[in-house]
Amino acid sequence: MAYSEKVVDHYNNPRNVGSFDKGDAAVGTGLVGAPACGDVMKLQIKVNEAGVIEDARFKTFGCGSAIASSSLATEWIKGKTLDEAATIKNTEIAEHLALPPVKIHCSVLAEDAIKAAINDYKAKHGESAAAAE
Amino acid sequence: MEQLADNRSPPAWEGRATGGGTAASSPCWSCRGPVGDADYAFCSTCGAVQPPLPITHFQRLGLASGFQIPRDQLDAAYFDQARRLHPDRFATRTPRERQFSQAQAVSLNEAYETLKDPLRCALYLLTLAGRSSIAQERTIRDPTLLMEAMEAREALEEATDLAAVEALAARQRADRDSCLASLQQLFDAGDLDGAEAVTLRLTYLAKLGEDIRLRRMRLAMSA
């Protein structure tokens, strides 16, 4: 199976690889996995006071499609509000990267990682806001 | 079963009486007689090879169902049947018999390869028990499991020499062995929830094992 040009591009030049301090109050961390293929994906967002994702990082151990999906996801969520980022659908990622049917689950994993990171931030934010009062 | 080792199959198309047999399976395609044991590849009446039936891998190998069948038992059961299905034995047979014997051989190999590999065997046992969720494409969020997987893969990524990789390999083997030991207990006790959780961890350890092998090869080649 041949990867699309966009997948190869993200695979060779992944955007936003790395980590934020997951203890930072402004950071939300999503950690998800696809047991069928042993993939594991970490996606982190850094959110400013206005509720906008100002930066994002990812680290993925998996196939080229999983790496490309998470790399693209970090690009797309930057500059979006949490609610906007939450509307990103795996089908948009799959379409943009021209993923073949057998690799659709890689884009699902990326969508789930975004949602997990947002949930983590929201849970954390609720707690820290309560603590700050 | 020795008398069945010879797979003579006179084309008895005239058909014997179909009735009488206690076998639950359909009558032999060749002699119309009772096939005998449903889990056997050859007709017990005329010895003709039969099309593979939808039986379990354990039944196909004539073994009791269970996790990690001792390797010598598994090998003996496999080679016993593989010998009878060897293509040379069917070279001069009809296309139909060749086709059936090939289909039997494919099913037999699939059974053997599945039961030989502990992870595949565990997944198969779970599937037989109606739990096929691990093999399906789905997302998991278990932080303990995923953290362990992420940290192990990061450590491997950062391992720059063979000694460091070997240390990780030793840990992977120890973790894998402990998973296999607890899976044995869990399957024996019929604890499917527990078995599913450990099998999930085993899938990640297997993936780590693959990556360790690749890493080791790359380091060995660049040395």
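Labels below follow one simple rule: chain letters A, B, ... track the order of the sequence lines, proteins then strands, and each chain is numbered from 1. No hydrogens, no waters, no symmetry mates; every other heavy atom, side chains included, goes into these values.
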Distance (rounded to the nearest 0.5 Å) between B:M150 CE and A:T60 OG1
6.5 Å
Counting only non-hydrogen atoms closer than 4.5 Å, does A:D120 touch chain B with its backbone (N, CA, C, O), its side chain (CB onward), both, or neither?
neither
Are more than 12 heavy atoms from other residues, nucleotides or ligands located less than 6.0 Å from atom CZ of B:R176?
no
Look at B:L146, B:D211, B:L205 and state which one has the largest set of heavy-atom pairs under 4.5 Å with chain A.
B:L146
So with a 6.0 Å cut-off around NZ of A:K22, is the heavy-atom count from everything else above 12?
no
A:Y11 atom OH: more than 12 heavy-atom contacts under 6.0 Å
no
If I measure from the heavy atoms of chain A, does B:L200 come under 4.5 Å with its side chain, its backbone, both, or neither?
side chain
Side-chain contact test, heavy atoms from C-beta onward, threshold under 4.5 Å: evaluate it for B:R141 versus A:D112 and give yes or no.
yes
With a sphere of 6.0 Å drawn around CD of A:E5, does it hold more than 12 non-hydrogen atoms of other residues, nucleotides or ligands?
no
State, to 0.1 Å, how close A:V32 and B:T139 come at their nearest heavy-atom pair, and which atoms those are.
CB-CG2, 3.7 Å
Taking all non-hydrogen atoms of both residues into account, name the closest pair between B:Y204 and A:V40 and its distance.
CE2-CB, 4.2 Å
Does some side-chain heavy atom of B:K207 sit less than 4.5 Å from a side-chain heavy atom of A:F61?
no
Applying a strict 4.5 Å limit to non-hydrogen atoms, the region of B:E154 in contact with chain A is both
Crowding at CZ, B:R171 (>12 non-hydrogen neighbours, <6.0 Å)
no
Give a yes or no on this: more than 12 heavy atoms of other residues, nucleotides or ligands lie within 6.0 Å of atom CD of A:E95.
no
